[in-house]
Amino acid sequence: MVGYIYLSYPNIRNKPLKQLKIMKAALSSTLIRITGYVLFKVFNFLFMSVTVNEGQLQMIEAASKRNIPLIFVPLHRSHVDYLFVTWILFNREIPAPIVAAGDNLRMPVFGTLLRGLGGFFIKRRLESTKMRKDYVYRAILQTYMSQALHSGYNLEFFIEGGRTRTGKPCLPKGGLLSVIVDAYLNGTLDDALIIPIAINYDRILDGNFIREQLGQKKVPESFWRAVRAIVNVLSTSYGHSRIDFGQPFSLNEFFQSSKLYLPNKVPLTIGRDLSNHSPESSVSCQVKNSIPNGHHRSLSNPNNNYNSHSNPLSSNENGLIHSTRSNSSLFGCEYSEGYRDLVSSLASHIVYDAEKCQAIMSTNAVSWLLSYLHREGVTLDRLAHSVQFLQEDLRGMGRDTGFSGDCLATTIHAISMLGRSLVHVDGDPINDDPKCVFIRPVTVLPNVIELNYYANALSPLYAVDSIVATSLLTMADCDLWSYRDVESDCVISHAKLVERSKRLCHILRNEFIYVAPCSSLDKKINQSINNLVASGLLDGNERGFRRHYDMDIDNEMDDEEILSSNDEGSRYTLCPSTTNLEKLAMVTRGIIPLIESYYASVLHLSTLIGRPMPDQEFITSTQKSISVLLKKGVLLYGESIAVDPLRNALKLLEADGIIESYSQDNLKIIFLSKDFESEETLWSIQEEISSFRV
Ligand SMILES: CCCCCCCCCCCCCCCC(=O)SCCNC(=O)CCNC(=O)[C@H](O)C(C)(C)COP(=O)(O)OP(=O)(O)OC[C@H]1O[C@@H](n2cnc3c(N)ncnc32)[C@H](O)[C@@H]1OP(=O)(O)O
């Protein structure tokens, strides 16, 4: 297959060719085979076990026989992720995918190696340097990917756009996915099977992200840094790891079954007058397929004709792809309004599904328990007991764990994996009586950020429960602990609890994907309330409240049933017992660090009055003020200083119109919107976030 590009401006013809050359993969089966052998030895040395569910593998094998390209979309924790995926697939003789790699990985030696193993390199930001869209690059990327899929290659990409720095999934990016949706909608791609993947580790090999979370500059990847990291890695044990493949779903089925609005594209004008455009954007680009040889499967389909009216890519009689693009959204194509929402929904769906199939490792469980249930420390036997309790709770939620068997042994293993920098141990866990060994989490900065990373694997599971519990606790005008094991006189209105929970869901919407896009958040909130009823914490009501203890959110109840079970007038009395209070406290504490970050951000907004500043400067100064507030005891959780939630808080404030922004010298300058440029108006925002502080 040849790669040549036709451009209307001959003097810039070479640039796209060069970009294509830089981008493309050069998949080599021999190289994969050799690397596979080396990796087998290395993984054997590094991990106590790498577990993949046989049933899931058979499912992927069956999927690969359907003659539809597979699109693997893993959540991204570590650089080992893509090694695992290709390694596993190759071992089962499933064609290795080409993998989208950020161009920061295009380093000497490694870059070439990755390319041979299927990596194709993409820019991590699509804007050109002058904050302008680079249409040529977008066209090349789109053509390359669509043609790869059209030719039957499997594809893999990391939809979060990078490794999670917090331990919980990042909100997805829509760029590469939009290329796929685009190819599907315009007929280039008949169908594809999307396979969400979650890979989890007792301990990640890539070190920790403390520097970045403290706002210190990211050290760029380099050959020598990578070599040092490898040596470091080879001298450590990383315990167990788990690879979980989610249920594949076809694009066809997604579009047909989803209640989402399927947009109609605005037909593109082929050969339109481009004279008003800059040379960069006025490119008609012919790219012959430059997909590497090998692993090729033909996907011929009689109906799969390029249509020059509705298709941004049209083929001429030589089989060349002809693309003429307007300068609007989605890599230059114009779409009706719902298009972005559609892609975003699909993206959320993938991340949601991947997170749901992620196995919880022992280190996740122990760090979660130490962070939110036993922060002051606990004996080893009680901690092991809590691990068992948590494991049962997870099973009840249909979640798998990367550990089983004796909880004491599991707990000791997790403690040793987390290491002394995260967990302080008084005594000898192996030889001493577990009742006499005292375990305490290290909650000082910066270590607590790393502990939080491991704990955060559980945050999405409990997100809605945490939000409902927080809303409930902050509505109760009594101290629940003082009412332990007696019925309190505190009455909570169902409608107000739902409303308040929804508000907090809105505030934290950049942190979690609460439900699959086709499900209802109201239902999930109601389910969480019903769980509180089931636990005995909420009791009865004054108007026809029906209990539904085992309500399954997706299947068993429809909206009407939920409304009838929890009608507007339902009210609950709080009946706190030691057990339900402990669980309530644990899930509530799971989001306190986030609420503290958001609270600190809104407190700091007053520094913007009459003084716009770069967002980065705002975040750094917020971090400084957080460390002061932590010292004063106003904030309690050191992990609230992490950069990610502070960035998300700014996103929320901008989306809600409280701050605005503009670009200047490649910096994003933020400033307060007119309506909020005073202490009084800011006070109301601070009040609201503060009202969720337990
Ligand atoms: C046996 C041996 C085994 C060995 C085996 C080894 C395997 C060896 C392989 C190596 C493999 C390494 C793998 C490393 C792992 C990484 O390097 S991860 C990092 C690289 N990967 C990614 O980032 C993938 C996910 N990212 C994306 O999809 C991002 O969108 C992009 C494409 C990078 C662009 O990001 P961005 O510039 O920040 O912009 P973004 O806001 O996303 O939007 C860009 C455009 O996308 C479109 N778009 C975005 N959202 C939407 C939407 N919702 N709807 C419609 N259009 C949308 C729009 O056109 C948008 O442009 P505008 O109209 O807004 O101007």
Side-chain angles (χ1 to χ4, degrees), residues 171 215 463 466-477 493 495-512 514 521 525 588 591-637 639-665 667-694:
L171 294 193
S466 302
I467 282 171
V468 170
T470 304
S471 307
L472 175 74
L473 282 184
T474 51
M475 279 167 82
D477 50 4
S493 138
K496 282 209 178 112
L497 180 55
V498 172
E499 186 193 325
R500 198 164 160 71
S501 303
K502 276 163 82 172
R503 182 65 196 153
L504 190 49
C505 282
H506 170 84
I507 291 171
L508 298 180
R509 72 174 195 267
N510 294 320
E511 305 292 342
F512 304 105
Y514 304 111
L521 180 60
I525 290 174
T588 308
I591 55 164
I592 295 182
L594 290 175
I595 293 180
E596 290 199 341
S597 301
Y598 280 61
Y599 177 63
S601 296
V602 295
L603 273 188
H604 207 61
L605 280 179
S606 53
T607 58
L608 287 177
I609 296 178
R611 188 174 167 258
M613 67 171 86
D615 59 346
Q616 197 45 56
E617 187 185 328
F618 182 84
I619 289 174
T620 310
S621 56
T622 309
Q623 284 185 309
K624 284 187 187 140
S625 89
I626 289 180
S627 68
V628 173
L629 293 171
L630 284 167
K631 274 185 200 132
K632 285 186 184 163
V634 177
L635 301 184
L636 302 173
Y637 288 73
E639 51 269 48
S640 60
I641 208 166
V643 159
D644 270 50
L646 297 177
R647 247 192 232 130
N648 287 342
L650 282 189
K651 260 195 227 164
L652 172 81
L653 293 169
E654 190 165 6
D656 282 1
I658 293 159
I659 59 171
E660 291 173 50
S661 69
Y662 58 88
S663 295
Q664 185 184 310
D665 303 331
L667 293 174
K668 180 174 176 180
I669 310 292
I670 55 170
F671 62 97
L672 286 167
S673 312
K674 260 209 174 80
D675 292 345
F676 293 94
E677 251 212 325
S678 70
E679 295 280 1
E680 297 78 59
T681 45
L682 289 181
W683 188 79
S684 63
I685 302 164
Q686 291 157 8
E687 268 294 278
E688 187 185 16
I689 307 277
S690 176
S691 76
F692 287 107
R693 297 186 63 211
V694 181

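In what follows, every heavy atom counts, from backbone to side chain, and hydrogens, waters and symmetry copies are set aside. Since we're looking at a predicted model, the values are computed, not measured. In this chain, residues are counted from 1 in sequence order.
Residues Ile591 and Leu504 meet the side-chain proximity criterion, which asks for heavy atoms closer than 4.5 Å. Looking at heavy atoms from C-beta onward, Leu667 lies out of side-chain contact with Gln616 at the 4.5 angstrom threshold.
Judged as a ring-ring contact (aromatic ring centres under 6.0 Å, His included), and not counting sequence neighbours, the contacts of Phe618 are His604. Listed by chain and residue number, nothing satisfies the ring-ring contact (aromatic ring centres under 6.0 Å, His included) test with Tyr637 (two or more places apart in sequence, or in another chain).
Side chain of Ser597 to main chain of Ser640: a donor-acceptor pair is present (N/O by atom type, distance under 3.5 Å, no hydrogens or angles). No donor-acceptor distance shorter than 3.5 angstrom exists from the side chain of Thr474 to the backbone of Val694, with no hydrogens or angles considered. At distances below 3.5 Å, at least one donor-acceptor pair connects side-chain atoms of Gln623 with backbone N or O atoms of Ile641. Within the 3.5 Å criterion, the main-chain N or O of Ser471 finds no donor-acceptor partner in the side chain of Ser501.
Residues Tyr662 and Pro612 share a closest heavy-atom pair of OH-CB, 4.3 Å. Smallest separation of non-hydrogen atoms from Cys505 and Tyr514: O-OH, 2.7 Å. Among all heavy-atom pairs drawn from Leu629 and Leu603, the shortest one is CD1-CD1, 4.1 Å. Across Ala600 and Ile626, no two heavy atoms sit closer than the pair CB-CG1, 3.4 Å. Smallest separation of non-hydrogen atoms from Ser661 and Phe671: N-CE2, 3.8 Å. Nearest approach of Ile507 to Tyr598, heavy atoms of both residues: O-CE2, 3.4 Å.
Within the structure, no pair that satisfies the ring-ring contact (aromatic ring centres under 6.0 Å, His included) test touches residues 672-694, not counting sequence neighbours. The list of salt bridge (charged side-chain N to carboxylate O under 4.0 Å, His left out) pairs with a residue in residues 684-694, not counting sequence neighbours, reads Arg503-Glu688. Annotation: salt bridge (charged side-chain N to carboxylate O under 4.0 Å, His left out) contacts involving residues 605-624, sequence neighbours excluded, comprise Arg611-Glu617.
Taking CZ from Arg500 and OG from Ser493, the interatomic distance works out to 12.0 Å, rounded to the nearest 0.5 Å. Note that the CG atom of Leu605 and the CD1 atom of Ile658 stand 7.5 Å from one another [nearest 0.5 Å]. Taking CG of Leu653 as the start and CG of Leu608 as the end, the distance is 9.5 Å to the nearest 0.5 Å. Separating the CG atom in Leu508 from the CD1 atom in Ile595 is a distance of 6.0 Å, to the nearest 0.5 Å. If you take CD on Gln686 and OG on Ser601, they are separated by 11.0 Å, rounding to the nearest 0.5 Å. A distance of 5.0 Å separates CE of Met475 from CG of Leu497, quoted to the nearest 0.5 Å.
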For Leu672 and Leu682: C-alpha separation, side-chain torsions, deciding distance, then whether side-chain contact (heavy atoms from CB on, under 4.5 Å) applies.
CA-CA 10 Å; Leu672 286 167; Leu682 289 181; 3.9 Å; yes

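Each of Ile689, Leu594, Ile592 was checked for a side chain to side chain contact (heavy atoms under 4.5 Å, CB included) with Tyr599, and the lone residue meeting it is Ile689.
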What pairs of donor and acceptor atoms, side-chain ones from residues 645-652 against any protein atom, are under 3.5 angstrom apart with sequence neighbours left out?
residue : atom : partner : partner atom : Å
Asn648  : ND2  : Asn510  : O            : 3.3
Asn648  : ND2  : Glu511  : OE1          : 3.3
Asn648  : ND2  : Glu511  : OE2          : 3.2

